[in-house]
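Note that ligands are numbered from 1 as they come in the structure, with each ligand's atoms numbered from 1 the same way.
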Amino acid sequence: MAKPVVLHLGDDIKWNHELYKQLQDKFTIERSYSMDRETFKNALKTKQFGDFAAMYRPFWNTGGEMGNWDDELISLLPPSCKIYASAGAGFDWVDTKRLAQSGIIYCNAAAACTESVADAAIWLILSTFRNFSWSSTAARSLDPAQFSNANRNIAAVTHNPGDHSLGIIGLGRIGYRIAQKARCCFGMRILYNDIRRMSSDVEGTIEATYFERLDDMLSEADCVLVATPFAGDKLLDTAHFDMMKRGARLVNIARGKLVDEPALVRALEEGQLVAAGLDVHYDEPNVNPTLAKMSNVELLSHTAGASVESHIGFERLGMENIMSFFETGKALTAVNLQWIEQPKL
Ligand SMILES: O=C(O)C(=O)CO
């Protein structure tokens, strides 16, 4: 029997060579490398990759040159395609519901970058309490006046995070790991809001308090952390910032489009919020210029998950998802099963 075909998107794998050999033994691998949208669409229309059964994207920095996976692209996939396993935790660039309508499972790779994202979140949380952004900008200015100003004045406005509360929006795998670290390293009190409540066992491990209503948690948390996937709608706007405690902080490691940035700027300017830490931005790769100038705002270039360990994991998990699906009928980290009838191999 002919081996099923896997379409490998993007660069060659770099780390998991033994596992890739197993993939090559079990599947015929076709490659698209880094085609732009028109070239990729044309390749699908002319069946350049044959009737592939799976798509594998091991990295988030290549293999996405065709742009967003919307109806236009998904409708060109062959009916043989059953699973798309990709790098990355977030999947705002792919319409997973539309994939499900074509019977295609989408598997993300949050499991592979959880540790890196959680570590970066801890950095951002700490920075919003201790105002490291001000201190580091002053040191890098090479201006003795700025250095002395920071050195003299920061202590009066910064705090230890311990004895403060962290309100997590979205206690998924990443949110939970951040909660563990914040509880264990800083002794923060953990609050969370999610569409579903965790078991009392899970809550017990981090001594977490559940809030069914986001608004109730916002009015209680000293630092609000956004750790929920972007589902097409903004999550936090002026009304939400107004509900937050005066002098609270905001950290976003999820997606920039979840937060109304002009509203965040206003909340910071008015002192409603005292600090923010953002790995992600509304209009990446452009950063809001007003936020960039604020010394109480820590900014990263969407690199919370960016580590060698994450990338090794992305490669592995994508292959494991595909192999598991074809061997057992079950993928390991599918995120769109709620819209899909159990696919038949
Ligand atoms: O994996 C992702 O989607 C991330 O944004 C991690 O930072």
Side-chain angles (χ1 to χ4, degrees), residues 9-11 13-16 55-70 84-96 99 106-128 168-182 225-236 250-259 261 276-287 298-321 331-336:
L9 308 164
D11 282 357
I13 61 123
K14 294 190 177 66
W15 291 283
N16 298 280
M55 289 188 289
Y56 169 51
R57 181 181 172 197
F59 305 112
W60 62 18
N61 39 2
T62 67
E65 298 76 8
M66 73 291 283
N68 282 358
W69 281 82
D70 51 14
Y84 183 176
S86 174
F91 42 88
D92 47 320
W93 49 275
V94 46
D95 186 342
T96 56
L99 279 177
Y106 179 80
C107 301
N108 79 338
C113 61
T114 296
E115 201 60 19
S116 298
V117 177
D119 287 346
I122 292 297
W123 162 275
L124 291 170
I125 293 165
L126 185 56
S127 193
T128 63
I168 302 178
I169 307 176
L171 201 74
R173 189 188 291 269
I174 293 176
Y176 178 71
R177 189 70 184 124
I178 296 167
Q180 281 182 317
K181 287 177 188 266
L225 172 101
V226 185
T228 191
F230 178 69
D233 289 320
K234 226 171 263 163
L235 180 75
L236 298 178
L250 179 79
V251 171
N252 187 2
I253 48 87
R255 283 295 178 265
K257 289 205 164 27
L258 288 162
V259 173
E261 255 175 25
L278 307 173
D279 178 46
V280 288
H281 307 273
Y282 193 87
D283 183 26
E284 293 178 15
N286 302 299
V287 171
E298 182 73 89
L299 298 173
L300 300 176
S301 304
H302 198 155
T303 54
S307 67
V308 170
E309 288 77 7
S310 296
H311 276 222
I312 292 173
F314 286 157
E315 272 189 9
R316 262 203 101 69
L317 190 54
M319 290 189 266
E320 286 169 348
N321 260 308
L332 306 173
T333 60
V335 298
N336 63 348

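In terms of protein heavy atoms, atom 1 (O) of ligand 1 is closest to Ala89 N, 2.6 Å. Atom 7 (O) of ligand 1 has Gly305 N, 3.3 Å as its closest protein atom, hydrogens excluded (heavy atom only). For atom 5 (O) of ligand 1, the closest non-hydrogen atom on the protein side is His302 NE2, 2.6 Å.
Using cut-offs of 30° and 60° for the angle between ring planes, the Tyr106 and Phe91 rings count as tilted.
Listed by number with element, the atoms of ligand 1 under 4.0 angstrom from any heavy atom of Gly88 are 1 (O). The contact set between ligand 1 and Arg255, taken as ligand atoms under 4.0 Å from a residue heavy atom, comprises 2 (C), 3 (O), 4 (C), 5 (O). Residue contact check: Gly90 has heavy atoms under 4.0 Å from atoms 1 (O), 2 (C), 3 (O) of ligand 1. Within ligand 1, counting atoms from 1 as listed, the ones closer than 4.0 Å to a heavy atom of Trp60 are 1 (O), 2 (C), 4 (C), 6 (C). Of all atoms in ligand 1, numbered sequentially from 1 with element shown, those under 4.0 Å from a heavy atom of Val117 are 6 (C), 7 (O).
When every heavy atom of Ile168 is checked against every heavy atom of Gly175, the shortest pair comes out as CD1-O, 3.6 Å.
Side-chain contact between Leu235 and Arg255 is absent, with no heavy atoms from C-beta onward closer than 4.5 Å.
We find that Glu115 and Lys181 are joined by a salt bridge, their nearest charged nitrogen and carboxylate oxygen being less than 4.0 Å apart.
The CD1 atom of Ile253 sits 12.0 Å away from atom OG1 of Thr303, with the distance rounded to the nearest 0.5 Å.
Annotation: Ile253 places no N or O atom under 3.5 Å from an N or O atom of ligand 1; distance criterion only.
Atom CH2 of Trp15 sits in a crowded spot, with more than 12 heavy atoms from other residues, nucleotides or ligands closer than 6.0 Å.
Residues Trp69 and Tyr84 bring their aromatic ring centres within 6.0 Å.
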